[in-house]
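I have placed the structure first, in the form of structure tokens, so that the comments after it can refer back to it.
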Amino acid sequence: MHRLARDLAELVGSEVSATSPQGRFPAEEVDGQRLTGVDAYGKHLLAGFARGVSVHVHLGMRGKWLRFAPVTGPGLRQVRLRLAVPGVAWDLIAPSTCELLDAAGRAKVVGGLGPDPLRADGDPDEAYRRVGAPRGSIAAALLDQSRIAGVGNVFRAEVLHGMRMPPTRPAHSLTVEEFAELWARLQAMMRQAVDDGRIITVDAEDRLVVPEAESRRVYKQGLCYDCGTPIVTGTIDGRTTYACPQCQPKWTS
DNA sequence: ACTGTATGACAAG
DNA sequence: TTGTCCTACAGTT
């Protein structure tokens with residue numbers, strides 16, 4: 001989402017045409033207004049317009065933005081929102097959320113999120129307090145957006161593997177030092193992903209040509225990238241976890 | 001043509 | 001914990 005915010009920033013400062021070919025978004029409310037900024041907070045995108053209204057987008061698991069330059073035609077029927085300037089169009093497809101928000105609504109979205117490792121204002125001490133709350137596993141805590149914002153199932157699996165920490169490790173058992181390393185690893189991993197435009201955690205000569213199926217060390221892998229041990233999958237709070245039993249041995253207090 | 005699954009989040013039970 | 005959103009794709013029939 002931070003990568004998208006960066007790319008969508010090419011529209012900032014312009015009077016943007018907004019349409020909803022699909023008809024499920026009141027595009028006329030912002031059509032023709034100047035886009036003042038595009039910001040990412042965790043997995044949320046907020047596009048601010050001149051009159052103080054923001055478009056709030058969450059992609060969920062299926063949403064995507066498609067960029068057309070030059071513009072080859074009107075948006076397809078399933079396009080929820082098209083933001084366009086002469087020569088460039090961005091089409092939003094299948095988002096889980098696309099809504100108009102006033103300043104209060106915007107504050108509510110941002111206020112409901114924990115610190116974001118990719119933001120300058122993301123406070124690791126606050127994240128440690130929230131993630132280390134005395135209940136549940138570190139795996140569950142990492143996906144809780146109100147504790148730390150932006151981490152999804154891929155980053156969770158990959159960062160815990162990098163930490164040599166099993167998903168079942170109690171969140172409250174992490175030391176300050178361990179959390180500091182976790183935060184630093186997340187920052188590095190997520191910044192790299194913003195750079196790459198995708199999540200690649202394996203070593204690669206040419207990051208452009210890494211096949212999707214081989215781009216991670218444990219997530220959706222059969223064997224551990226580091227040691228070759230068969231990856232073990234499980235479920236925590238309804239989400240699949242991936243871990244290497246060799247690299248991430250069971251934690252014993 | 002059909003089935004199963006998914007980088008997410010929420011409400012209902 | 002399950003169902004839902006109701007898209008996309010890989011794998012199977």
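Naming: A, B, ... by sequence-line order, numbering from 1 per chain.
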Any base atoms under 4.0 Å from [X], or only sugar-phosphate, or nothing? Heavy atoms, all strands.
{"X": "A:E212", "answer": "base"}
{"X": "A:G238", "answer": "nothing"}
{"X": "A:R24", "answer": "sugar-phosphate"}
{"X": "A:F155", "answer": "nothing"}

Spacing of [X] atom [atom1] relative to [N] atom [atom2], expressed in whole Å:
{"X": "A:D196", "N": "B:dT7", "atom1": "CG", "atom2": "C1'", "value": "15 Å"}
{"X": "A:N153", "N": "B:dT7", "atom1": "CG", "atom2": "P", "value": "5 Å"}
{"X": "A:L45", "N": "B:dG8", "atom1": "CG", "atom2": "P", "value": "16 Å"}
{"X": "A:R62", "N": "C:dT4", "atom1": "CZ", "atom2": "C1'", "value": "9 Å"}
{"X": "A:M190", "N": "B:dT7", "atom1": "CE", "atom2": "P", "value": "16 Å"}
{"X": "A:L59", "N": "C:dC6", "atom1": "CG", "atom2": "C1'", "value": "16 Å"}
{"X": "A:M1", "N": "B:dA9", "atom1": "CE", "atom2": "P", "value": "10 Å"}
{"X": "A:M189", "N": "B:dT7", "atom1": "CE", "atom2": "C1'", "value": "14 Å"}

Counting side-chain heavy atoms from CB outward, which of [options] is closest to [X]?
{"X": "A:Y242", "options": "B:dG8, C:dT7, B:dA6", "result": "B:dA6"}
{"X": "A:A94", "options": "B:dT7, C:dT7, B:dA9", "result": "C:dT7"}
{"X": "A:I93", "options": "C:dC6, C:dA8, B:dT7", "result": "C:dA8"}

Looking only at side-chain N and O atoms, does [X] come under 4.0 Å of OP1 or OP2 in [N]?
{"X": "A:R239", "N": "B:dT7", "answer": "yes"}
{"X": "A:K43", "N": "B:dA9", "answer": "yes"}
{"X": "A:H58", "N": "B:dG8", "answer": "no"}

- Over-ring placement of A:R34 relative to A:F49, 6.0 Å and 45° cut-offs: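 No, cation not above the ring by the 6.0 Å, 45° rule.
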- Message: As a test of understanding, state which of A:L101, A:V30, A:D102 forms a side-chain contact (heavy atoms from CB on, under 4.5 Å) with A:V53.
- Response: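 Of the listed residues A:L101, A:V30, A:D102, the side-chain contact (heavy atoms from CB on, under 4.5 Å) partner of A:V53 is A:V30.
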- Is there a side-chain contact between A:E158 and A:R216, using heavy atoms and a 4.5 Å cut-off?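 In contact.
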- Side-chain heavy atoms of A:F68 within contact of A:R82, under 4.5 Å: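 With C-beta onward as the side chain, the pair touches.
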- Query: When the ring planes of A:W90 and A:W65 are compared, do they come out parallel, tilted or perpendicular, using 30° and 60° as the limits?
  - Reply: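 Geometry flag for A:W65 against A:W90: perpendicular rings.
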- Message: If I pick the P atom on C:dC6 and the same atom on B:dA1, what distance separates them, to the nearest angstrom?
- Response: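 About 23 Å, rounded to a whole number of Å.
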